[in-house]
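Reading through the structure tokens given below for one structure.
This one's a predicted model, so the numbers in the text were calculated from it and none came from an experiment.
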Amino acid sequence: MKIPTESVGKAEILAKLQELKKDDFPWRSGRSFAYTFDAGPEVEEVAKAAFTLFLSENALDPTVYPSVLRFENDVVSMARAHLSGDRNVVGNFTSGGTESILLAVKAARDWARAQRPDIHAPEIILPITGHAAFHKAAQYFGMNVVPTAVDPSTFRADPKAVLQAITER
């Protein structure tokens, strides 16, 4: 596919998007176990309006968009209070689950480097049902994934398997 040489109108673009979307899973059906959650039409309407209102703002520079910094500070403050954190607890917005996992793994890796500089290839013990972003993070940050079993009935991590997987790394 090549970049188009001629522009097309809004109606044609939107029609093409609708056509592409026709085979997507009907997430409002209540049958999706992940990825998208239906909080109802009123919440969706407010979320879309809020998203559109801040669509072009970039949280990278809070001096340009102090409103976005305020949102981040308020959400982090609420989470800190909810989880009984003290004033040393910090946080930041992410664009979604994968970025959140990447940043958490990087933070753990950086902490381990500072505390255990002798370990050059740290490991992540991960149940086989763990999110794919943990594998991506391990690859990005020079870590190894150690997969562990889960309970076949509950799909929860098997504590014995996790215990056996723990090493100095």
Side-chain angles (χ1 to χ4, degrees), residues 20-48 50-51 54-55 57-60 62 68-169:
L20 290 170
K21 190 179 174 87
K22 73 177 174 35
D23 294 325
D24 288 355
F25 188 83
W27 61 270
R28 287 183 184 91
S29 68
R31 300 181 62 106
S32 176
F33 69 93
Y35 312 117
T36 305
F37 303 95
D38 188 2
E42 185 177 6
V43 172
E44 183 180 348
E45 180 184 347
V46 171
K48 284 181 177 180
F51 178 81
F54 287 90
L55 176 66
E57 278 68 8
N58 185 329
L60 187 60
V68 179
L69 177 62
R70 173 68 186 266
F71 297 148
E72 180 176 64
N73 288 338
D74 288 351
V75 169
V76 170
S77 179
M78 285 186 264
R80 178 178 36 243
H82 179 71
L83 298 171
S84 302
D86 62 22
R87 293 182 344 168
N88 294 319
V89 173
V90 297
N92 63 287
F93 274 172
T94 64
S95 62
T98 295
E99 184 185 8
S100 297
I101 290 170
L102 290 170
L103 291 176
V105 170
K106 182 184 179 303
R109 193 245 3 226
D110 292 351
W111 179 89
R113 278 186 175 171
Q115 301 302 313
R116 298 287 308 274
D118 55 309
I119 297 175
H120 298 287
E123 297 174 338
I124 301 172
I125 298 171
L126 185 66
I128 60 170
T129 54
H131 194 284
F134 286 101
H135 294 274
K136 185 184 289 189
Q139 183 178 6
Y140 284 173
F141 303 129
M143 303 170 79
N144 297 313
V145 171
V146 178
T148 59
V150 297
D151 181 292
S153 299
T154 65
F155 300 107
R156 292 182 179 192
D158 179 341
K160 290 179 184 173
V162 171
L163 185 62
Q164 290 175 344
I166 295 173
T167 70
E168 62 190 29
R169 296 175 47 207

Item checked: More than 12 heavy atoms from other groups under 6.0 Å of CG on L55 -> yes

Next item on the list: Determine whether more than 12 heavy atoms belonging to other residues, nucleotides or ligands lie under 6.0 Å from atom CZ of F25.
Entry: yes

Notebook entry, point to check: Would D118 and R116 pass as an ion pair if we require N to O under 4.0 Å?
Noted result: yes

Check: Distance-only, no hydrogens or angles: does the R169 side chain make a donor-acceptor pair with backbone N or O of A121 under 3.5 Å?
Finding: yes

Item checked: Donor-acceptor contact present, side-chain R28 to main-chain D38, <3.5 Å -> no

To the closest 0.5 Å, what do you measure between [atom1] ([X]) and [atom2] ([Y])?
{"X": "H120", "Y": "R113", "atom1": "NE2", "atom2": "CZ", "value": "10.0 Å"}
{"X": "F134", "Y": "M143", "atom1": "CZ", "atom2": "CE", "value": "10.5 Å"}
{"X": "D110", "Y": "Q115", "atom1": "CG", "atom2": "CD", "value": "11.5 Å"}
{"X": "E72", "Y": "S77", "atom1": "CD", "atom2": "OG", "value": "12.0 Å"}
{"X": "H131", "Y": "I101", "atom1": "NE2", "atom2": "CD1", "value": "5.0 Å"}
{"X": "I125", "Y": "T167", "atom1": "CD1", "atom2": "OG1", "value": "6.5 Å"}

Margin query: So F141 and L102, do their side chains get closer than 4.5 Å, heavy atoms only?
Written below: yes

Checklist line | Test item: I166 and E123 side chains (from C-beta on) under 4.5 Å apart, heavy atoms | finding: no

Result block: side-chain N/O donor-acceptor pairs under 3.5 angstrom for residues 145-157, not counting sequence neighbours:
from: D151; atom 1: OD1; to: S153; atom 2: N; distance (Å): 2.7
from: D151; atom 1: OD1; to: T154; atom 2: N; distance (Å): 2.9
from: T154; atom 1: OG1; to: R156; atom 2: N; distance (Å): 3.2

What pairs of donor and acceptor atoms, side-chain ones from residues 88-97 against any protein atom, are under 3.5 angstrom apart with sequence neighbours left out?
from: T94; atom 1: OG1; to: G96; atom 2: O; distance (Å): 3.3
from: T94; atom 1: OG1; to: S100; atom 2: OG; distance (Å): 2.6
from: S95; atom 1: OG; to: E99; atom 2: OE1; distance (Å): 2.7

Item checked: Any residue meeting ring-ring contact (aromatic ring centres under 6.0 Å, His included) with F71, in chain and number order, not counting sequence neighbours -> F54

Check: What's the shortest heavy-atom distance between P62 and L60, and which atoms?
Finding: CD-O, 3.4 Å

